[in-house]
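Here is the structure we will look at, set down as structure tokens.
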Number of protein chains: 2
Amino acid sequence: MTEPQTPDTAQPAGSVKKHGRDGKSNATIYDIAKMAGVNASTVSRALSKPGRVSSKTQKLIEDAAAQLNYQVNPFARALPTGKTNTFGLIVADITNPTFFDIIRGAETTATSRDYTLVLAESAESPATELTAARRLMATVDGLILASPRMDDDNIRALAQDKPVVVINREVDGVPCVVPDVNKGISEAVRSMAANGHQRIAYVAGPPQSWMSERRWEGVQAACDWSRLEAVRLESSKPTVDGGRKTARDVRASGATAVMTYNDLLAIGLMQELQAAGIVVPDHISIIGFDDIFGADFTTPPLTTVRSPLGECGEAAATRLLDLLHGSGEQAGTLSVETELVLRGSSGRILPAK
Amino acid sequence: MTEPQTPDTAQPAGSVKKHGRDGKSNATIYDIAKMAGVNASTVSRALSKPGRVSSKTQKLIEDAAAQLNYQVNPFARALPTGKTNTFGLIVADITNPTFFDIIRGAETTATSRDYTLVLAESAESPATELTAARRLMATVDGLILASPRMDDDNIRALAQDKPVVVINREVDGVPCVVPDVNKGISEAVRSMAANGHQRIAYVAGPPQSWMSERRWEGVQAACDWSRLEAVRLESSKPTVDGGRKTARDVRASGATAVMTYNDLLAIGLMQELQAAGIVVPDHISIIGFDDIFGADFTTPPLTTVRSPLGECGEAAATRLLDLLHGSGEQAGTLSVETELVLRGSSGRILPAK
DNA sequence: TTGTACGCGTTATCAA
DNA sequence: TTGATAACGCGTACAA
């Protein structure tokens with residue numbers, strides 16, 4: 001009696017699905033209600049907040065749901081509640097490996113907490129970024145901005161609408177997850193000082209990059225402390241190719257050690273220098289930032305200041321989810337540690353130039 | 001008159017948002033209707049299918065919408081239509097750079113056609129993959145499966161529900177986008193034959209990998225044609241680390257040239273061999289597959305058979321979107337070309353071992 | 001061309 | 001504990 005007619009053979013012409021969505025319209029709570037002999041609202045209760053229904057009917061309903069292979073329609077649910085169980089992640093450049101781990105971290109925690117991750121890219125453009133953010137805002141419960149390029153004000157405006165967490169940048173009044181550069185940088189600079197370097201160049205990243213400035217400040221501070229000289233150079237783009245193009249300036253700077261805004265720049269720089277016959281690290285030491293995928297593919301493998309990007313992604317997602325569930329209302333910055341990863345591209349300079 | 005009272009100062013207690021969503025409930029078509037002095041359905045028409053409304057009221061409505069900063073509620077729209085303007089992409093491993101370009105390609109075409117991309121990962125597990133796919137199915141209009149690990153039957157089952165496009169694998173009855181290995185492989189093998197190699201090893205990928213088998217078949221065929229000997233070796237995991245572990249087998253195989261299932265294996269293998277004092281390519285040639293990000297970071301840079309992954313992502317997304325818009329109903333396989341990228345890790349073997 | 005009325009699948013309110 | 005019923009915001013026959 002609990003079982004309806006199995007619709008495998010002759011099916012009366014009248015029982016054809018009314019609206020016939022795209023073929024097999026899925027079962028709704030009404031179907032379950034009918035089968036279980038209860039009201040649809042009871043089904044809703046049983047399925048969404050267990051405990052508010054007698055254990056007898058609860059089981060009845062669950063069985064029916066299982067038999068009908070029922071699954072909620074997220075859109076129908078989102079309409080009255082406004083909750084979508086989805087959050088967005090916007091990165092500056094999908095092909096930049098810096099973001100790979102961030103994406104993975106976010107995706108992992110998302111699915112582990114039964115959320116869906118939607119991804120968008122800003123192509124390093126503040127305008128595109130803002131557009132993407134606005135678009136996503138309509139679909140998600142919250143947003144993670146990784147290395148955002150847009151204004152603080154725009155970010156705050158978004159954050160006023162729905163929970164927003166920022167990675168790799170500090171924005172007043174918005175929860176952030178930021179690697180603290182100091183530990184890693186001071187380790188790096190001390191290592192260079194110990195190896196006899198006197199003059200260190202920093203190759204900066206994009207002008208809009210908040211993090212690039214923090215790193216430059218860190219390098220300056222650490223050099224001051226170790227009584228080394230720090231000089232700043234600019235780059236065109238924070239890519240391998242951009243790194244190659246800085247080689248000339250680097251050589252002209254007279255520095256014997258170089259720290260670059262990111263690993264990509266370091267790799268490009270190293271390739272270009274080596275192509276010119278310069279030996280790394282005998283003639284010049286190179287240190288990158290981030291420890292991205294592939295940083296150890298080079299010869300010599302790249303010394304770098306590692307940022308725990310995966311952790312950042314996880315932490316940001318966790319914070320966002322907590323915010324969504326009303327746990328933590330704080331808007332402060334969460335710092336994660338950086339550390340020097342000593343590999344072959346840095347070391348003592350050889351007397352013979 | 002067209003403007004409503006600006007609600008900045010005294011707001012009557014009665015006008016508080018009834019349901020009080022999460023603070024600022026957004027404007028609806030009803031608000032626009034009121035402001036424009038028309039019916040809500042007219043607004044709906046004006047906004048969704050322009051042309052079916054007089055140009056006068058059209059403008060009226062558009063102005064009101066702009067003033068109210070209106071944006072559609074995707075969920076409310078999805079309910080009656082069943083369309084979400086969203087599609088899913090499932091990849092085997094987010095941190096595997098093979099998928100980076102695929103992701104980017106898909107994301108780019110998605111946003112360019114005003115779709116939203118949701119991303120999920122299967123962690124190389126068929127079960128996880130199926131779960132993720134089912135989850136996503138509820139939320140999206142279609143699905144792209146990149147290098148899926150699940151059964152053909154499961155894929156077909158999904159495809160029966162909503163449009164599905166597969167990348168890097170051929171599944172009967174499902175539209176696929178697959179790099180054609182032959183051109184690239186035959187170029188590679190001919191190059192090795194020309195360089196005097198006689199015995200070529202192929203390091204295979206995961207057993208579930210459809211593509212790994214295709215590549216092995218391609219290598220065999222090309223070797224036959226060039227009268228070279230082909231031997232097959234297995235790997236534990238298709239990663240850099242997995243590549244390192246194959247070094248012993250590779251040396252034992254007596255092959256003077258190695259092709260690996262992917263670039264990651266090739267890089268790991270090269271590292272391990274070099275660490276043992278073997279010179280690449282003087283003692284042994286190494287050729288990878290895919291030309292992933294970082295393949296040219298190594299010394300020597302990796303020779304590899306390039307698959308246009310970005311194109312695959314774009315093509316898959318385009319096909320999916322076409323399917324959704326009723327353009328193409330074909331379920332065939334779209335082949336994209338592969339080509340040999342000759343770099344430093346392959347070449348003539350030196351007489352002196 | 002525009003308005004009326006209803007349905008989409010769920011949650012939420014209020015009685016029973 | 002349960003059942004009716006009204007939203008939620010939008011699309012769409014159907015009628016005007």
Side-chain angles (χ1 to χ4, degrees), chain A residues 17-61 64-65 68-85 137-139 141, chain B residues 16-62 64-65 68-85 137-139 141:
Chain A
K17 274 299 196 285
K18 12 188 169 182
H19 224 64
R21 180 78 79 247
D22 46 23
K24 52 162 75 167
S25 281
N26 285 321
T28 75
I29 54 173
Y30 284 96
D31 301 326
I32 300 180
K34 204 178 302 174
M35 180 179 283
V38 298
N39 187 277
S41 60
T42 307
V43 176
S44 174
R45 275 189 289 259
L47 263 31
S48 48
K49 39 190 72 157
R52 303 208 56 72
V53 93
S54 86
S55 61
K56 202 180 65 184
T57 53
Q58 176 79 31
K59 178 159 171 39
L60 216 60
I61 290 173
L68 258 42
N69 193 6
Y70 167 82
Q71 27 195 47
V72 297
N73 180 328
F75 306 103
R77 170 174 286 180
L79 204 39
T81 62
K83 305 214 79 293
T84 71
N85 256 39
M137 269 318 223
T139 336
D141 291 341
Chain B
V16 173
K17 274 298 195 283
K18 11 187 168 182
H19 227 63
R21 178 82 76 248
D22 47 21
K24 53 159 75 167
S25 281
N26 284 321
T28 74
I29 55 172
Y30 287 94
D31 300 326
I32 299 180
K34 203 177 302 174
M35 181 179 283
V38 300
N39 188 280
S41 62
T42 307
V43 177
S44 173
R45 276 187 287 259
L47 263 31
S48 46
K49 38 190 71 158
R52 302 208 57 72
V53 92
S54 87
S55 61
K56 202 181 64 184
T57 53
Q58 176 80 31
K59 177 158 171 39
L60 216 59
I61 289 173
E62 277 172 356
L68 258 42
N69 193 5
Y70 167 83
Q71 27 196 47
V72 297
N73 180 327
F75 305 102
R77 171 174 286 178
L79 206 38
T81 61
K83 305 214 76 296
T84 71
N85 259 248
M137 270 315 223
T139 335
D141 290 342

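Letters A, B, ... mirror the listed sequences (proteins, then strands); counts begin at 1. This is a predicted model, so every value here is computed, not measured.
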**Prompt:** Rounded to the nearest Å, what distance is computed from the CD atom of residue A:Gln58 to the C1' atom of nucleotide D:dT1?
**Reply:** 12 Å

**Fill in**
A:Arg52 atom CZ is separated from D:dG3 atom C1', nearest whole Å, by 15 Å

**Asked** Hey, does B:Val43 have a side-chain heavy atom less than 4.5 Å from the side chain of B:Tyr30?
**Response** no

**Asked** Do you know the tightest heavy-atom contact between A:Phe75 and B:Thr139?
**Response** CZ-O, 3.4 Å

**Prompt:** Between B:Asp31 (CG) and D:dG9 (P), how many Å, whole number?
**Reply:** 9 Å

**Prompt:** Of all residues at least two apart in sequence or in a different chain, which pass the side-chain hydrogen bond (donor to acceptor under 3.5 Å, both in side chains) check with B:Thr57?
**Reply:** B:Ser54

**Item:** Residues forming a side-chain hydrogen bond (donor to acceptor under 3.5 Å, both in side chains) with B:Asp141, sequence neighbours excluded
**Value:** B:Lys83, B:Thr84

**Complete:** Overall bend of the helix from C:dT1-D:dA16 to C:dA16-D:dT1 (five pairs an end, 10° steps) is 40°

**Asked** When rounded to the nearest 0.5 angstrom, what is the spacing between CG in A:Leu68 and CD1 in A:Ile32?
**Response** 6.0 Å

**Reported CE-to-CG distance for the pair B:Met137 and A:Asn26, which is rounded to 0.5 angstrom** = 10.0 Å

**Request:** Name all residues meeting the side chain to side chain contact (heavy atoms under 4.5 Å, CB included) criterion together with B:Glu62; count only those two or more places apart in sequence or in a different chain, and write none if there are none.
**Result:** B:Gln58

Write out a two-atom table: protein N or O, nucleotide N or O from nucleotides 10-12 of chain D, distance below 3.5 Å.
from	atom 1	to	atom 2	distance (Å)
D:dC10	OP1	B:Tyr70	OH	2.5
D:dC10	OP1	B:Asn73	N	3.4
D:dC10	OP2	B:Ile29	N	2.8
D:dG11	OP1	B:Arg77	NE	2.6
D:dG11	OP1	B:Arg77	NH2	3.0
D:dG11	OP2	B:Ser44	OG	2.8
D:dT12	OP2	B:Lys49	NZ	3.2

**Request:** Starting at atom CG of A:Leu79, determine the distance to atom C1' of C:dG7, rounded to an integer number of angstrom.
**Result:** 12 Å

**Item:** Summary of side chain to side chain donor-acceptor pair (under 3.5 Å) pairs that have at least one residue in residues 33-47 of chain A, sequence neighbours excluded
**Value:** A:Asn39-A:Ser41

